[in-house]
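For ligands, and for the atoms within them, numbers begin at 1 and follow the listed sequence.
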Amino acid sequence: MDNRISNIYNTIIVIIMLSDEDIKIIDEIYKEGYLIAQYGVYVKKKYKERVFKIPVDAGFGCPNKTTGGCIFCPDMGRPISVRYCDVQLSLKDQIEKQIEIQKNKGIKKFYVYFYPGTNTYAPIEKLKEIWDFSLSYKEVIGLSIGTRPDCLEEEKLDILGEYVKKGYDIWIDLGVQTMHQKTLKILNRGHNVSDTITAIQNCHEKGIKVCGHIILGLPNETWDDMMETAKILSSLKIDAVKIYPLVVIKGTKLEEMYWRGEYRTFDEKQYISLVCDFLEHLSPHVLIQRLSKDKVPEEIKISPEWYLGRLRIMNKVYEELKRRGSRQGSRYLSSFKESI
Ligand code: SF4
């Protein structure tokens with residue numbers, strides 16, 4: 001970690017978001033034999049029933065687009081989300097269609113998950129209108145909002161904080177990717193590590209939970225870099241993570257690097273091993289929402305060749321953790337303290 005970030009880190013106040021009840025639920029999950037704090041199990045225990053995230057495309061752009069965008073991003077994620085969000089439909093129809101489909105499967109509670117693009121990149125009035133509308137459905141218990149660390153201004157968080165006060169469960173799905181400045185630069189992310197730290201801290205101050213999206217296997221990152229990301233996020237009390245392999249997708253700058261021989265993806269065995277290492281270095285109280293990026297259509301995926309299926313990867317990670325006799329948090333010690 002560079003000195004500048006180290007200094008920022010040492011001066012911030014870490015706010016614990018998950019309640020005592022949440023921590024109790026996570027501890028129960030481990031007592032039942034789970035090796036990681038699986039988000040799906042946690043939600044089922046918390047709400048005593050299944051809760052479905054409705055992925056929607058509300059048509060947001062991205063501020064990073066003007067500077068070329070992230071090297072791995074195909075058109076703000078839309079080619080990946082197209083199977084899941086019916087962009088031909090209005091927001092209303094996207095929500096209502098999914099509620100109807102899922103209700104037939106017995107699901108009665110929902111989050112609305114704003115997925116492609118930077119979903120806080122709009123005037124505040126527009127954001128409030130969209131959020132109010134989504135929460136107007138009696139079945140909707142909260143929002144998950146995918147965005148960048150540098151696009152969470154105070155006035156936006158104030159509105160989201162008001163929903164929390166009304167009892168809604170509000171999550172920011174934060175594009176963290178890495179806690180290393182040198183990598184953010186290679187990725188052309190257009191924000192700093194300090195933006196990520198500030199975003200997590202500001203969300204927590206408003207009672208908003210944060211799920212950090214992390215990529216393993218980024219260009220030039222060492223094993224130590226990746227484990228350090230796990231430790232820093234744990235110390236920041238991030239509430240959940242989604243862990244992904246870096247996937248080379250058609251039409252991206254990463255694809256150009258790949259064909260020039262400047263970047264190679266991990267094979268499946270390497271990725272499984274890295275995920276296990278990362279989980280071991282992560283706090284046991286960080287919820288795990290995903291371990292793979294299985295939404296990429298095969299026709300636009302250049303590399304890796306192995307099948308990214310979420311359940312398959314989860315099973316392989318479990319097999320490896322069992323083989324090691326370890327679990328999430330087993331190597332989480334702190335050079336960074338649990339609380340400051
Ligand atoms: S911030 Fe997100 S949407 Fe924007 S270019 Fe990067 S990955 Fe794509």
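For Lys65, the heavy-atom gap to ligand 1 stays at 4.0 angstrom or more.
Hydrophobic clustering of Ile, Leu, Val, Met, Phe, Trp and Tyr side chains at less than 4.5 Å, counting indirect connections, keeps Tyr244 apart from Ile214.
Shown here are the ring-ring contact (aromatic ring centres under 6.0 Å, His included) partners of Tyr113, two or more places apart in sequence or in another chain: Tyr115. The side-chain contact (heavy atoms from CB on, under 4.5 Å) search around Glu262 returns Met257, Arg260, not counting sequence neighbours.
The number of heavy-atom neighbours closer than 6.0 Å to CG of Asn104, taken from other residues, nucleotides and ligands shown, is above 12.
When each atom of ligand 1 is checked for a heavy atom of Arg148 under 4.0 Å away, the hits are 1 (S). With ligand atoms numbered from 1 in the order given, ligand 1 contributes 1 (S), 6 (Fe), 7 (S) to contacts under 4.0 Å with heavy atoms of Arg189. Using a 4.0 Å cut-off to heavy atoms of Gly69, the atoms of ligand 1 that qualify are 5 (S).
Atom 6 (Fe) of ligand 1 has its nearest heavy-atom neighbour, among Pro116, Gly68, Cys70, in Cys70.
A salt bridge links Asp132 to Lys128: at least one charged side-chain nitrogen sits closer than 4.0 Å to a carboxylate oxygen.
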